[in-house]
Q: 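Take a look at the following structure, please.
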Amino acid sequence: VVRLVSAGHLRPDAFVDLRDRVNDYWDRGLLGLAVDPAFTENGYLYLFYVHEDDPFTYSGPKTSRVVRLTAVGDEADPATEVVLVSGIPADSPSHNGGAMRFGPDGALWITTGDASSFNAVDPRALRTQQLDSLAGKLLRVDSAGRGLADNPFWNGDPDGVRSKVWAYGFRNPFRITFRPSSGRPYIADVGAHDWEEVNAVVRGGNHGWPCVEGPAPQAGYQALAECQALYAQGASAIAAPLVMYPHP
């Protein structure tokens with residue numbers, strides 16, 4: 001349920017009620033919201049939520065989606081929902097990302113998590129290193145959910161996954177903002193056992209997860225062939241965090 005604040009007070013009536021289609025197991029739910037820059041003209045509101053496709057498998061694997069609703073006055077009819085990006089992995093009860101913002105370039109920026117186990121080594125985390133997976137990415141799309149031709153991995157297909165990717169290798173990038181002077185995206189990414197990160201995102205950059213956490217190889221994943229291949233490319237293959245701090 002989304003509610004509006006008017007004149008400093010929470011409105012009693014829901015702006016929109018999507019409870020019948022949102023899975024809220026553990027960390028899942030409605031995870032992101034963005035208002036169209038031209039909202040006063042088009043009434044567009046964008047939501048990122050974990051889709052409830054089967055309430056009888058409430059705790060099972062799901063997928064997330066980004067949708068657009070159209071507001072009329074202080075309400076939006078759920079029937080106006082248009083799915084823009086679907087099939088974002090939400091296998092795990094955690095690590096689903098979900099931050100969304102319109103950047104100074106007018107594009108919609110979306111973060112997705114690795115959707116893998118939060119307390120064990122999980123090969124699914126390696127999807128963050130795969131450009132044709134939506135897991136563990138920073139996406140940059142237009143208001144219809146299509147990739148943009150100046151994205152670093154654009155392949156000519158605006159509906160292709162890699163055409164939407166701006167950067168990759170994130171664990172649970174749950175916050176995003178932009179540097180006012182340059183428009184560069186900055187992401188807060190949740191670490192595993194040792195480190196938390198703030199990343200000044202590199203265009204087309206690999207930010208390392210799950211092969212790297214903070215300043216060093218991630219012990220649980222470093223022996224895997226995919227990580228060994230990444231290390232072999234040298235330090236310049238991985239975009240280091242701007243700020244990192246240990247859990248203690």
Side-chain angles (χ1 to χ4, degrees), residues 1-2 18-19 21-34 46-67 85-101 109-130 133-139 161 165 167-177 185-199 201 206-214 217-222 224 226-227 241 243-248:
V1 177
V2 178
L18 300 174
R19 282 177 290 184
R21 64 194 74 180
V22 178
N23 178 272
D24 63 356
Y25 178 69
W26 278 44
D27 293 349
R28 297 171 179 170
L30 173 62
L31 301 176
L33 183 153
Y46 303 81
L47 305 178
F48 183 118
Y49 66 81
V50 180
H51 181 225
E52 181 55 272
D53 59 339
D54 181 1
F56 296 103
T57 58
Y58 173 63
S59 62
K62 305 290 178 181
T63 59
S64 296
R65 53 176 48 177
V66 175
V67 305
V85 182
S86 61
I88 302 168
D91 304 349
S92 169
S94 191
H95 293 186
N96 294 306
M100 293 197 303
R101 270 202 169 187
W109 299 71
I110 305 162
T111 67
T112 68
D114 71 359
S116 65
S117 174
F118 59 86
N119 59 5
V121 173
D122 184 346
R124 293 177 299 180
L126 291 165
R127 293 179 297 195
T128 71
Q129 295 292 312
Q130 300 164 6
S133 169
L134 288 167
K137 305 297 190 295
L138 174 59
L139 308 177
V161 171
V165 174
Y168 62 107
F170 299 104
R171 187 171 186 256
N172 187 24
F174 71 108
R175 291 288 185 273
I176 182 173
T177 192
Y186 284 66
I187 281 178
D189 195 14
V190 178
H193 300 296
D194 299 313
W195 295 89
E196 304 294 312
E197 300 180 2
V198 176
N199 291 279
V201 180
N206 182 350
H207 288 262
W209 179 259
C211 301
V212 173
E213 179 189 359
Q218 214 290 330
Y221 292 91
Q222 68 180 110
L224 298 182
E226 293 88 345
C227 293
V243 176
M244 50 190 163
Y245 56 93
H247 290 175

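The analysis underlying the following values was restricted to heavy atoms, covering all of them including side chains, and did not include hydrogens, waters or symmetry mates. All residue numbers in this chain count up from 1 along the given sequence.
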Q: State, with a plain yes or no, whether a side-chain heavy atom of V50 is found less than 4.5 Å away from one of L31.
A: yes

Q: Would you say that I176 contacts Y186 through its side chain, given a criterion of any heavy-atom pair below 4.5 Å between the two side chains?
A: no

Q: Between S86 and L134, which heavy-atom pair has the shortest distance, and what is it?
A: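 So the minimum-distance heavy-atom pair works out to O-CD1, 3.5 Å.
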
Q: Answer yes when D91 and R127 have at least one side-chain N-carboxylate O distance shorter than 4.0 Å, and no when they do not.
A: yes

Q: Tell me whether D53 is salt-bridged to K62, with the criterion being a basic N under 4.0 Å from an acidic carboxylate O.
A: yes

Q: Do the non-hydrogen side-chain atoms of N172 and D114 ever get within less than 4.5 Å of each other?
A: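 N172 vs D114: side chains apart.
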
Q: Working to the nearest 0.5 angstrom, can you tell me the gap between H95 NE2 and R28 CZ?
A: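 Those atoms lie 12.5 Å apart.
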
Q: Apply side chain to side chain contact (heavy atoms under 4.5 Å, CB included) to residues F48 and I88 and explain how you reach the verdict.
A: CA-CA 10 Å; F48 183 118; I88 302 168; 3.8 Å; yes

Q: For the atom pair CZ (R21) and CD (E52), what is the distance rounded to the nearest 0.5 Å?
A: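 Between R21 CZ and E52 CD, I get 12.0 Å after rounding to 0.5 Å.
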
Q: Run the numbers on R171 and T128 for side-chain hydrogen bond (donor to acceptor under 3.5 Å, both in side chains), then give the verdict.
A: CA-CA 8 Å; R171 187 171 186 256; T128 71; over 6 Å; no

Q: So, does Q222 use its side chain to make a donor-acceptor pair with the main chain of P217 at under 3.5 Å?
A: no

Q: Spell out, as yes or no, whether a donor-acceptor pair under 3.5 Å connects the side chain of E213 to the backbone of D194.
A: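 Between the backbone of D194 and the side chain of E213 there is a qualifying donor-acceptor contact (under 3.5 Å).
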
Q: Less than 4.5 Å apart, any side-chain heavy atom of L18 and any of L47?
A: yes

Q: Please check if the distance between the ring centroids of W209 and Y221 is under 6.0 Å.
A: yes

Q: List the steps and the verdict of side chain to side chain contact (heavy atoms under 4.5 Å, CB included) for H247 and W195.
A: CA-CA 6 Å; H247 290 175; W195 295 89; 5.7 Å; no

Q: Given Q218 and H193, is the side chain to side chain contact (heavy atoms under 4.5 Å, CB included) satisfied, shown in steps?
A: CA-CA 9 Å; Q218 214 290 330; H193 300 296; 4.0 Å; yes

Q: So, applying side-chain contact (heavy atoms from CB on, under 4.5 Å) with L139, which one of T111, T112, V161 is it?
A: T112

Q: State, yes or no, whether a side-chain contact exists between M100 and Y46 at a heavy-atom distance under 4.5 Å.
A: yes

Q: If you compare all heavy atoms of N96 against all heavy atoms of A115, which two are closest, and at what distance to 0.1 Å?
A: OD1-CB, 4.1 Å

Q: Backbone N or O of S116 within a donor-acceptor pair of the S92 side chain at under 3.5 Å?
A: yes

Q: Would you say the side-chain atoms of S117 and D122 include a donor-acceptor pair closer than 3.5 Å?
A: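 Checked: S117/D122 side chains show no N/O donor-acceptor pair below 3.5 Å.
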
Q: Are any of the side-chain heavy atoms of N199 and P241 separated by less than 4.5 Å?
A: yes

Q: Any donor and acceptor pair, going by atom type alone, linking the side chain of T63 with main-chain N or O of P89 inside 3.5 Å?
A: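 Between the backbone of P89 and the side chain of T63 there is no qualifying donor-acceptor contact (under 3.5 Å).
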
Q: Decide yes or no for L126 and P210: does some side-chain heavy atom of the first lie under 4.5 Å from some side-chain heavy atom of the second?
A: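 Yes. Closest side-chain heavy atoms under 4.5 Å.
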
Q: Check for me whether the distance between the ring centres of F118 and W26 falls short of 6.0 Å.
A: yes

Q: Donor-acceptor pair, distance only, cut-off 3.5 Å: does the side chain of R175 make one with the backbone of V198?
A: no

Q: Report yes if some heavy atom in the side chain of R19 is under 4.5 Å from a heavy atom in the side chain of V1; otherwise report no.
A: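 The answer is yes, as the side chains (C-beta and beyond) meet within the 4.5 Å cut-off.
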
Q: First locate atom CH2 of W109, then atom CD1 of I187, and finally report the distance between them rounded to the nearest 0.5 Å.
A: 9.0 Å

Q: For residues N23 and Y49, is any side-chain donor paired with an opposing acceptor at under 3.5 Å?
A: no

Q: Start with the C-alpha gap between Y168 and L138, add the side-chain angles, then the distance that decides, and say whether side chain to side chain contact (heavy atoms under 4.5 Å, CB included) holds.
A: CA-CA 6 Å; Y168 62 107; L138 174 59; over 6 Å; no

